[in-house]
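I have placed the structure first, in the form of structure tokens, so that the comments after it can refer back to it.
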Amino acid sequence: MTLTDLPYDDLADALTGLRAHVAAPVAFPGEAGYEQAAPWNLAATVQPAAVVLATTAYDIANTVGFAGRRGFRVTVQATGHGALSVASDTILVVTAGMTGCTVDPVARTARVAAGATWQHVLDAAAPHGLAALCGSSPNVGVVGYLTGGGVGPLVRTVGLSADYVRSFELVTGAGEVLRATPEENPDLFWGLRGGKSTLGIVTAVEIDLLPIPEFYGGSLYFDGAEAPLVLREWARWCAELPESISTSVALLQLPEMPGVPEPLAGKLTIAVRYVAVDEFDDAERRLATLRAAARPILDTVGVLPYAAIGAVHADPVDPMPTCESHTLLREFTSETVEVILAAAGPDSGSMQTIVDVRMLGGALAREGAHRSAFCHRDAAYAVTVIGVPAPPIAEAVRSQADALVAELTPWSTGGQLPNFAPSDDAGRAARVYDEDTRHWLAALAERYDPAGVFRCGQVVRFVD
Ligand SMILES: Cc1cc2nc3c(=O)[nH]c(=O)nc-3n(C[C@H](O)[C@H](O)[C@H](O)COP(=O)(O)OP(=O)(O)OC[C@H]3O[C@@H](n4cnc5c(N)ncnc54)[C@H](O)[C@@H]3O)c2cc1C
């Protein structure tokens, strides 16, 4: 019998003492505070044995120590943007209350607590003209994003966001509170950048900030009928782009709801996202080619303060159910374009909300100053298909997205990025990591989490 099979009363008995071990509020099912386990991605079933609303590293260390002795697992959630199902053999540490962020404008660094979102860091850095290398949505958690590498809207220019991490503070599966830098516990410093929560729960991270006060960019949105013209032109145009420019394109079917601009609501549109951090005149000239391909129905491109970086993708803010399919491509050819148009273009019958193609390369392709567990720097493009798996079409949405990714196999590297299409399926580690990285992550997990307390979600372990 596993803990999951125990009736509720026995589970409650097994958890007796958690409150005495942890200073932070603890909530069991049905109690006030338990609702804070609700993730941003409402498609994930998050029903842990207990929720610990952590406020300090010691709350986390004490929870992990307790769980290790009682045979529970522990997992962590900040915002739930990358949530996976959590069952009743697992204690969930919610870090959402740990939002501290201190900027050192002279050193150009920020020390960020486990539950902070990128918006917290953008707000703290902006008054100093400094930029935090976030992803497309400022509402995503800093630590969840960085432990998956982090591929943001400036990725071709600045590279992987995790390459700008200076140090982590963490709790290991053995309940130790450690610091990881290139010099101190360098194995953990390597594995935490790409390995998600395999090696521990990060309690704080120190990152570099860049002196980027503003950017030239935004999105050009076109009517869905223009998708063939725009996508074909985008594919050709990307080949000429310098690495000072980052871009992605997305076929969108956004619902009619508050927050969705009227020209984009309830129909197919296509968005070209664009960011340049210098030589704004050249950037504007290059974009003219796409403006000439078709007439935008909405144009948000301009010189914007860096703090407005979230406006480029304008990702959804409110919690919603989502499912993702994802793959990395070696190249984006005219044939690839036609496959995507047939699956998600006009009259395709696509049920997907977003089909997103990000151009990679540039600075991302170069290893950072300190090697990390992030793999697949050689990929040229990332494709992510995002749907809303709502009954009665939930399964149809998922299988249609998987079918689109399967059709891209001829151009796929077979790889995936750690942050996209989160899943705890057994084959995922082999797609996210090369063999050596997988081996070393699993070996380090044996060392730092011998009891397997963190065996939950997308962690890398030797197969039993
Ligand atoms: C709208 C949207 C936009 C996104 N844009 C991008 C993007 O541009 N680029 C990109 O790379 N990714 C992007 N992502 C993916 C996102 O980076 C991951 O889902 C990330 O894991 C979310 O972190 P979170 O803390 O917000 O989510 P959570 O669901 O709270 O955490 C997800 C996972 O992160 C890890 N984690 C969280 N906190 C800790 C911790 N303290 N210690 C150790 N591990 C931890 C755990 O594995 C956890 O299961 C996006 C996701 C969404 C939904």
Side-chain angles (χ1 to χ4, degrees), residues 36-44 46 54 57 60 64 74-86 90 92-96 98-99 112-120 133-155 160-162 168-173 180 188 191-205 246 248 250 273 275 309-310 312-324 326 353-354 356 358 360 364 374 382 384 386 416-424 432 454 456-460:
Q36 295 197 40
W40 181 87
N41 183 355
L42 300 173
V46 179
I60 299 174
V64 171
V74 177
T75 193
V76 58
Q77 180 175 293
T79 72
H81 275 78
L84 291 170
S85 293
V86 179
T90 301
L92 179 69
V93 170
V94 171
T95 58
M98 300 170 71
T99 56
V112 186
T117 64
W118 283 108
Q119 191 63 57
H120 290 109
L133 298 178
C134 57
S136 58
S137 165
N139 301 313
V140 158
V142 172
V143 171
Y145 174 84
L146 291 174
T147 51
V151 168
L154 276 65
V155 68
L160 192 72
S161 298
F168 292 102
E169 289 153 39
L170 74 148
V171 172
T172 67
L188 289 173
L192 286 166
R193 291 169 303 134
K196 300 295 290 187
S197 49
T198 297
L199 301 180
I201 297 183
V202 173
T203 57
V205 60
S246 297
S248 64
R273 292 82 161 254
V275 180
I309 193 73
V312 175
H313 283 244
D315 282 337
V317 174
D318 292 332
M320 57 187 285
T322 68
C323 57
E324 290 182 15
H326 165 74
T353 308
I354 304 176
D356 176 289
R358 296 192 186 192
L360 304 177
L364 178 69
F374 179 85
T384 309
I386 303 165
Q416 291 187 338
L417 298 175
N419 272 348
F420 292 82
S423 147
D424 43 20
V432 172
F454 295 140
C456 176
Q458 37 180 5
V459 298
V460 183

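Both counts, for ligands and for their atoms, begin at 1 and track the order of listing.
- Of all atoms in ligand 1, numbered sequentially from 1 with element shown, those under 4.0 Å from a heavy atom of Gly135 are 7 (C), 8 (O).
- Proximity to Gly80 (heavy-atom distance under 4.0 Å) selects the following atoms of ligand 1: 27 (O), 28 (P), 29 (O), 30 (O).
- At under 3.5 Å, a nitrogen or oxygen of Asn419, whether backbone or side chain, sits near a nitrogen or oxygen of ligand 1.
- Partners of Thr79 according to the side chain to side chain donor-acceptor pair (under 3.5 Å) rule, which considers only residues two or more places apart in sequence or in another chain, are His81.
- Close approach of ligand 1 to Ile201 (heavy-atom distance below 4.0 Å) involves ligand atoms 41 (N), 42 (N).
- Between the CD atom in Glu169 and the CD1 atom in Ile201 there is a gap of 14.5 Å [rounded to 0.5 Å].
- Ligand 1 has an N or O atom lying under 3.5 Å from an N or O atom of Ser197, backbone or side chain.
- Interatomic distance, CE of Met98 versus OG1 of Thr203, reported as 6.0 Å (0.5 Å rounding).
- Side chain of Arg358 to backbone of Val151: a donor-acceptor contact under 3.5 angstrom is found.
- The shortest N or O to N or O distance between Ser136 and ligand 1 is below 3.5 Å.
- The backbone N or O of Leu133 sits nowhere less than 3.5 Å from a side-chain atom of Trp118 that would complete a donor-acceptor pair.
- Applying the 4.0 Å criterion to heavy atoms of Trp40 picks out, from ligand 1, the atoms 53 (C).
- Side-chain N/O atoms of Thr384 and Asp356 include no donor and acceptor closer than 3.5 Å.
- Between Ala114 and ligand 1, not a single N/O pair is under 3.5 Å apart.
- Between Thr79 and ligand 1, at least one pair of N/O atoms sits closer than 3.5 Å.
- Using a 4.0 Å cut-off to heavy atoms of Gly150, the atoms of ligand 1 that qualify are 11 (O).
- The N/O atoms of Lys196, backbone and side chain alike, include one that comes under 3.5 Å of an N/O atom in ligand 1.
- Glu324 places no side-chain N or O within 3.5 Å of a backbone atom of Pro422 that could act as its donor or acceptor partner.
- Closest heavy-atom contact between Asn419 and Gly149: ND2-N, 4.4 Å.
- The shortest contact between atom 10 (C) of ligand 1 and any protein heavy atom is with Tyr145 CE1, 3.3 Å.
- The shortest N/O to N/O separation between Ala83 and ligand 1 falls below 3.5 Å.
- Residue, atom and distance of the protein heavy atom nearest to atom 51 (C) of ligand 1 are Val140 CG2, 3.9 Å.
- Remark: ligand 1 and Pro316 share no N or O pair separated by less than 3.5 Å (distance only, no angle test).
- Closer than 4.0 Å to atom 36 (N) of ligand 1 lies at least one heavy atom of the protein.
- Atom 41 (N) of ligand 1 has as its closest protein heavy atom Val202 O, 2.9 Å.
- Scanning all protein heavy atoms for the shortest distance to atom 43 (C) of ligand 1 gives Gly200 O, 3.4 Å.
- The CZ atom of Phe374 lies 12.0 Å from the CG atom of Leu146; values are rounded to the nearest 0.5 Å.
- Distance alone, capped at 3.5 Å, places no donor-acceptor pair between the His313 side chain and the Arg273 backbone.
- Every N/O-N/O distance between Val143 and ligand 1 stays at or above 3.5 Å.
- When each atom of ligand 1 is checked for a heavy atom of Ser137 under 4.0 Å away, the hits are 3 (C).
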**Item:** Worked verdict on Ile309 versus Leu154 for side-chain contact (heavy atoms from CB on, under 4.5 Å)
**Value:** CA-CA 9 Å; Ile309 193 73; Leu154 276 65; 3.5 Å; yes
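- Counting only heavy atoms of the protein, atom 25 (O) of ligand 1 lies nearest to Ala78 CB, 3.4 Å.
- Scanning the protein for heavy atoms near atom 23 (O) of ligand 1, the closest one is Gly144 CA, 3.4 Å.
- Looking at His81 next to ligand 1, an N or O pair under 3.5 Å apart turns up.
- When only non-hydrogen protein atoms are considered, atom 9 (N) of ligand 1 lies nearest to Val151 O, 2.7 Å.
- With sequence neighbours left out, the side chain to side chain contact (heavy atoms under 4.5 Å, CB included) criterion links Ala44 to Pro39, Val46, Ala83.
- Atom OG1 of Thr353 sits about 8.0 Å away from atom CD1 of Ile386, to the nearest 0.5 Å.
- Rounding to the nearest 0.5 Å places OG1 of Thr95 at 6.5 Å from CD1 of Ile60.
- The protein heavy atom nearest to atom 49 (O) of ligand 1 is Val76 O, 3.8 Å.
- Counting only distance, with no hydrogens or angles, the side chain of Trp40 and the backbone of Met320 share no donor-acceptor pair below 3.5 Å.
- Contacts with ligand 1 closer than 4.0 Å are made by side-chain heavy atoms of Arg358 only, the backbone lying farther away.
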